[in-house]
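In what follows, a single structure is set out as structure tokens and then discussed.
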Amino acid sequence: MPVILSGDRVRQVVATLEDTYPDAAPELDFSNPFELVIAVMLSAQCTDVRVNLVTHELFARYPDAQSLASANIEDVESIIRTCGLYRNKSRNAIAASQMIVDRFCGEVPASREELQQLPGIGRKSANVILSCAMSQDAIAVDTHVYRVSRRIGLSDASTVLGVEKDLMDATPRKKWSQLHHLLIFHGRRCCKAHKPQCQTCTVAHLCGYNASRNKSSSAR
DNA sequence: ATCCCGAGGG
DNA sequence: CCCTCTGGAT
């Protein structure tokens, strides 16, 4: 039985998480749109620490879309090899750069629809780019945001789009980006997929998921 | 073993 | 909905 929080309780959850994670911020810290496009693309199934390492080397050699567009794919592969899925990522990074150059006149497009035309950029990555490098308000729903939102009752939707909409409806536009990072931090540090740390969770008292876990564990 | 702030394709 | 692509960290 899902628990949908009222506006007041949403604010309470956000305020509590804000207090819990005062340093919540994107770990992929690129304000240059092109760099963020590539960094986000590389981040699938890979830690951000590693993305920061390989992008440092990658951008030293290919600083912009023009140079990466004409890069040798084997060179790109050798640079990003250690972050997994490297064949797809290399092909996509080059193809996306080429598309930026000859379809978008060398500028990273600033709409979600256009960003999603870039190979390797889906809805989640497009929203990250918009909110972190384009000063646009968007909520990127990744696996953490999805899982945490459903557990603590910010949404009972069963699709990424549904959760995204519920979060946008429940939160003032100017707080979307912050909410996104708070939920990711909470999902990584506490509200984990398999062993959630409900004992130390600062919003457990607001959380129906925690209540149902307590009930089922004390019942056996 | 299991998980990483996914995307594309069937 | 499902599956596959990948190496590294824990």
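Please read these numbers as outputs of a predicted model, since none were measured by experiment. Below, each value reflects all heavy atoms present in this structure, side chains not excepted, and no hydrogens, waters or symmetry copies. Chain letters run A, B, ... following the sequence lines, proteins first, then strands; residues in each count from 1.
Each of A:V13, A:V14, A:T20 was checked for a side chain to side chain contact (heavy atoms under 4.5 Å, CB included) with A:T16, and the lone residue meeting it is A:T20.
At whole-Å resolution of the value, CD1 in A:I184 and C1' in B:dG6 are 12 Å apart. Rounded to whole Å, atom C1' of B:dC5 lies 12 Å from atom CG of A:L36. Atom CE of A:M41 is separated from atom C1' of B:dC5 by 16 Å (rounded to the nearest Å). Between the CD atom of A:E77 and the C1' atom of C:dT6 there is a distance of 12 Å, given to the nearest Å. The distance from atom NZ of A:K89 to atom C1' of C:dT4 is 14 Å, rounded to the nearest whole Å. Note: CZ (A:F30) to C1' (B:dC5) measures 14 Å, nearest angstrom. Taking atom NZ of A:K192 as the reference point, atom P of B:dC4 lies 9 Å away to the nearest angstrom.
Here the separation of C:dT6 from B:dG9, taken at their P atoms, is 14 Å to the nearest Å. Using C1' as the reference atom, B:dC4 and C:dC5 are 14 Å apart when rounded to the nearest Å.
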Please list, for nucleotides 7-10 of chain B, all pairs of protein and nucleotide N/O atoms separated by less than 3.5 Å.
residue, atom, partner, partner atom, Å
B:dA7, OP1, A:G122, N, 3.1
B:dA7, OP1, A:S125, N, 3.0
B:dA7, OP1, A:S125, OG, 2.2
B:dG8, OP1, A:G120, N, 2.8

Tabulate protein N/O versus nucleotide N/O from nucleotides 7-10 of chain C, keeping only pairs under 3.5 Å, one per line.
residue, atom, partner, partner atom, Å
C:dG7, N2, A:Q45, O, 3.0
C:dG8, O3', A:R50, NH2, 3.1
C:dA9, OP1, A:R50, NH2, 2.9

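Side-chain atoms of A:K89 come within 3.5 Å of backbone atoms of A:C83 as a donor-acceptor pair (strictly under, hydrogens ignored).
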* Asked: In dot-bracket form, how is DNA chain C paired, counting a Watson-Crick or G-U wobble pair only if both its distances are under 3.5 Å and using | for bases paired to another strand?
  -> |||||.||||
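Listed by first then second residue, pairs satisfying side chain to side chain donor-acceptor pair (under 3.5 Å) with a partner in residues 46-55 of chain A read A:R50-A:T82, not counting sequence neighbours.
Taking the six-membered ring where the residue is Trp, A:F30 and A:F59 present perpendicular rings, their angle passing 60° and hence far from 30°.
A:H186 is linked by a ring-ring contact (aromatic ring centres under 6.0 Å, His included) to A:Y21, counting only residues two or more places apart in sequence or in another chain. Take A:Y86 and apply the side chain to side chain contact (heavy atoms under 4.5 Å, CB included) test, not counting sequence neighbours, and it matches A:E77, A:I80, A:R81.
A:R189 CZ: more than 12 foreign heavy atoms inside a 6.0 Å radius. Other residues, nucleotides and ligands contribute only 12 or fewer heavy atoms inside 6.0 Å of the CD atom of A:E107.
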* Decide side-chain hydrogen bond (donor to acceptor under 3.5 Å, both in side chains) for A:S67 and A:D64; before the verdict, give the C-alpha distance in whole Å, the side-chain angles of both, and the deciding distance to 0.1 Å. => CA-CA 6 Å; A:S67 56; A:D64 49 40; 3.0 Å; yes
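Not one side-chain nitrogen or oxygen of A:R188 sits closer than 4.0 Å to the OP1 or OP2 atom of B:dC4.
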